[in-house]
Structures are given as C-alpha cells and as structure tokens.
Amino acid sequence: MNGGKLLKLLISFLIIIQVLGFVFQNDLLNTYTSLILVVLITTLYFVDSKRIRIFKVIVLLVFVIKELGVFYAIDNVVKFQIEAHIVAYILLFFFLYYNHKSFVYSSRDVFTLVLGSSLFTVIFFMAYLELKDPMGEMQVLGFLYLLLVYVLLIIGAMHYINIRSEKSLWFFLSMLNFAFSDFMFLIDRFYLRSKELNVLMLICSPLALVFLVHYMITKSLVLKSEEFEGF
C-alpha cells in the first residue's frame, strides 16, 4: 500500500471518528480530529502530486489556518472561519481562469445548465433571506460567503459540462460539497441548531477538500465515457 492510499484510508477513518466525536459530544476529539483531517488532506497533495505548486499549497494552507482558529483567543470564531473561506474561494477563481476553455454547448447542455443553475439560484436566495436577519452585522459577509461558493459551483458546472474531463469533474464535486457544507454551516450557526446538519457538514467539508486535492493533482484528460454527460 503506497502513501497516498494509506492517507486516504486514514482520512476515511478520521471522518468517522470526527462524526462519532460529535455524536457522543466529545468536543476535544471533534476539534483535534478536524485539524488532523485538514493536515492529512494537505499532506495527500504533497504525496500524490508530481509537481508541487506554491499557489495550490497556499490555498490548502488557508483551510489549515481556518481550523487553527479555534485554538486562538479569537472573539468571533465563526466570523474568522467565514473570512478564511472567502479568501480561499477568491483564490480558487484562479483555477477557473487557468483552466478556462471556450464554451461550446449542445442544446442538452444548455437545458442541463439552466435547470441546475435555476434550482441552485432559488436555494441560494431562499437561504439568504432566511439567514439575513439572524446574521445581523455579519449579513454582508455572509452574503459574500454564499455568493462566492454559488458562483464557483455554477462556473464549475459550466466548465465540467463544456470540457468533460476528470479534472473539471473533481472541481465540480468539490464545489458541490463546499456548497452543501457552507449552507449547513450558516443554517446551524444562525438559524436552526441541528445534529443532523452537523453530521452532514462533518462529512461534506472534508470530502470537499479531498475532491479539491484530486482536482489539483489530476491532468486535464477528457473522460472517455459519455455516461457522465450533464450533472
């Protein structure tokens, strides 16, 4: 078993441990497991990548710093975590720009994009309208937070449907999991405390980062199978 497979096994195991730590209300276990998870996922990039790029390392370090926030005397940890995500999402736009290709869509592609985009747009505005008042002075920051992941998800879907490569698929899956995780994070912190939402968030968040690492290390090869059409 090589280092990459061993790390993936450890990451899967730690996701389960983190969920169990939350279910059994072990905050210490939950906090340290979350940090170790992000560090291991970052390490996965160094182990599996044939060429280390500083920009990608910076993006991953932002997520590590976000997890370290709970260990420091920060007045508003939630605000700090949102700001860290905003910084990471802004940096991710570089990936979209770097891998951009001219858009060429069939009528089926256009229908899929319009349907998916419309659905997520409705979810985005409904969620923000419900969260706006509970977020109080953080509503502008919260709007920017949701807007960035919304735009990244839509453009990620556009790139995947246009390119149909494994690389673009990993990016789309990463943004999809980030979107679910971020929406559940804000709902849990500002609107409705829910154990179910927390469990889903603890699963989606590390998966999003794992998919992002896969995107970083995957070459831009077109998928051979047509079964992946649409999203």
Side-chain angles (χ1 to χ4, degrees), residues 3-22 29-49 52-71 77-78 80-96 98-99 145-146 148-153 155-157 159-160 166-186 188-189 197-218:
K5 289 183 179 179
L6 180 60
L7 279 173
K8 290 174 185 177
L9 184 63
L10 284 173
I11 289 166
S12 301
F13 175 73
L14 284 175
I15 290 174
I16 297 172
I17 294 298
Q18 186 182 30
V19 171
L20 291 175
F22 170 76
L29 177 63
N30 193 24
T31 300
Y32 278 96
T33 305
S34 181
L35 175 60
I36 295 170
L37 262 174
V38 177
V39 172
L40 285 179
I41 295 170
T42 302
T43 306
L44 182 64
Y45 170 72
F46 288 98
V47 172
D48 283 354
S49 180
I52 306 300
R53 295 186 180 274
I54 298 300
F55 183 80
K56 294 178 180 179
V57 174
I58 292 172
V59 172
L60 293 172
L61 285 178
V62 172
F63 288 102
V64 174
I65 292 170
K66 187 208 82 172
E67 295 300 328
L68 287 171
V70 297
F71 295 96
V77 176
V78 173
F80 174 79
Q81 292 176 332
I82 291 175
E83 289 172 341
H85 265 273
I86 288 174
V87 171
Y89 290 156
I90 291 173
L91 293 175
L92 289 181
F93 276 98
F94 172 79
F95 294 145
L96 294 176
Y98 182 77
N99 293 286
Y145 178 44
L146 291 176
L148 286 172
V149 73
Y150 164 80
V151 174
L152 284 168
L153 177 60
I155 299 179
H159 271 261
Y160 165 62
E166 183 183 354
K167 190 177 185 71
S168 61
L169 178 60
W170 284 125
F171 187 85
F172 172 65
L173 290 175
S174 176
M175 291 304 105
L176 187 62
N177 277 273
F178 272 129
F180 279 125
S181 176
D182 292 346
F183 274 95
M184 288 183 286
F185 173 77
L186 290 179
D188 180 72
R189 295 299 186 273
L197 286 179
N198 266 283
V199 169
L200 290 173
M201 185 171 59
L202 292 174
I203 296 171
C204 288
S205 185
L207 283 179
L209 202 53
V210 169
F211 293 150
L212 184 61
V213 168
H214 276 290
Y215 164 79
M216 291 178 175
I217 63 179
T218 302

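Side-chain contact between Ile217 and Trp170: absent, with no pair of heavy atoms (C-beta onward) separated by less than 4.5 Å. Taking 4.5 Å as the limit, some side-chain heavy atom of Leu92 sits within range of a side-chain heavy atom of Leu212. Residues Ile52 and Tyr45 are in side-chain contact: their nearest non-hydrogen atoms beyond the backbone lie under 4.5 Å apart. Counting only heavy atoms from C-beta outward, the side chains of Ile82 and Leu186 approach each other to under 4.5 Å. Two residues are said to be in side-chain contact when any heavy atoms from C-beta on lie closer than 4.5 Å; Thr31 and Leu35 fail this criterion. Contact check for Leu209 versus Leu60: side-chain heavy atoms found under the 4.5 Å cut-off.
What you find for Phe180 and Cys204 is that their closest heavy atoms are CB-SG, 4.2 Å. When all heavy atoms are compared, the tightest approach of Leu153 to Ala179 is CD2-CB, 4.1 Å. The minimum heavy-atom distance between Tyr89 and Val149, with the atom names listed, is CE1-CB, 3.9 Å. When every heavy atom of Lys167 is checked against every heavy atom of Met216, the shortest pair comes out as NZ-O, 4.0 Å. For the residue pair Val62 and Ala84, the shortest heavy atom distance occurs at CG1-O, 3.2 Å. Scanning all heavy atoms of the two residues, the minimum distance from Ile65 to Phe80 falls at O-CE2, 3.5 Å.
The CD1 atom of Ile11 lies 12.0 Å from the CD1 atom of Ile36; values are rounded to the nearest 0.5 Å. Distance CG/Asp188 to CZ/Phe183: 15.0 Å, rounded to 0.5 Å. If you take CD1 on Ile86 and CG on Leu146, they are separated by 9.0 Å, rounding to the nearest 0.5 Å. The CE atom of Met175 lies 11.0 Å from the CD1 atom of Ile155; values are rounded to the nearest 0.5 Å. Separating the CG atom in Leu14 from the CG atom in Leu9 is a distance of 9.5 Å, to the nearest 0.5 Å. Interatomic distance, OG of Ser205 versus NZ of Lys66, reported as 4.5 Å (0.5 Å rounding).
Environment of CZ in Phe55: crowded, with over 12 heavy atoms of neighbouring residues, nucleotides or ligands closer than 6.0 Å.
Note: His85 and Phe178 have perpendicular aromatic rings, judged against thresholds of 30 and 60 degrees for the angle between ring planes. The aromatic rings of Phe172 and Tyr160 sit parallel to each other, their planes meeting at less than 30°, with 60° as the upper class boundary. Ring geometry for Tyr145 against Phe185 counts as perpendicular: the plane angle is over 60°, on a 0 to 90° scale with 30° as the lower cut.
Side chain of Thr33 to backbone of Leu29: a donor-acceptor contact under 3.5 angstrom is found. A side-chain donor-acceptor contact under 3.5 Å links Thr218 to the backbone of His214. Listed for the Ser34 side chain is no donor-acceptor partner under 3.5 Å among the backbone atoms of Asn30. Using modelled atom types, one side-chain atom of Thr42 and one backbone atom of Val38 make a donor-acceptor pair closer than 3.5 Å.
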**OP:** Applying side-chain contact (heavy atoms from CB on, under 4.5 Å), run through Tyr215 and Leu173 and close with a yes or a no.
**Re:** CA-CA 9 Å; Tyr215 164 79; Leu173 290 175; over 6 Å; no

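With Leu202 as the fixed residue, the side chain to side chain contact (heavy atoms under 4.5 Å, CB included) test singles out one of Val19, Ile15, Leu197: Val19.
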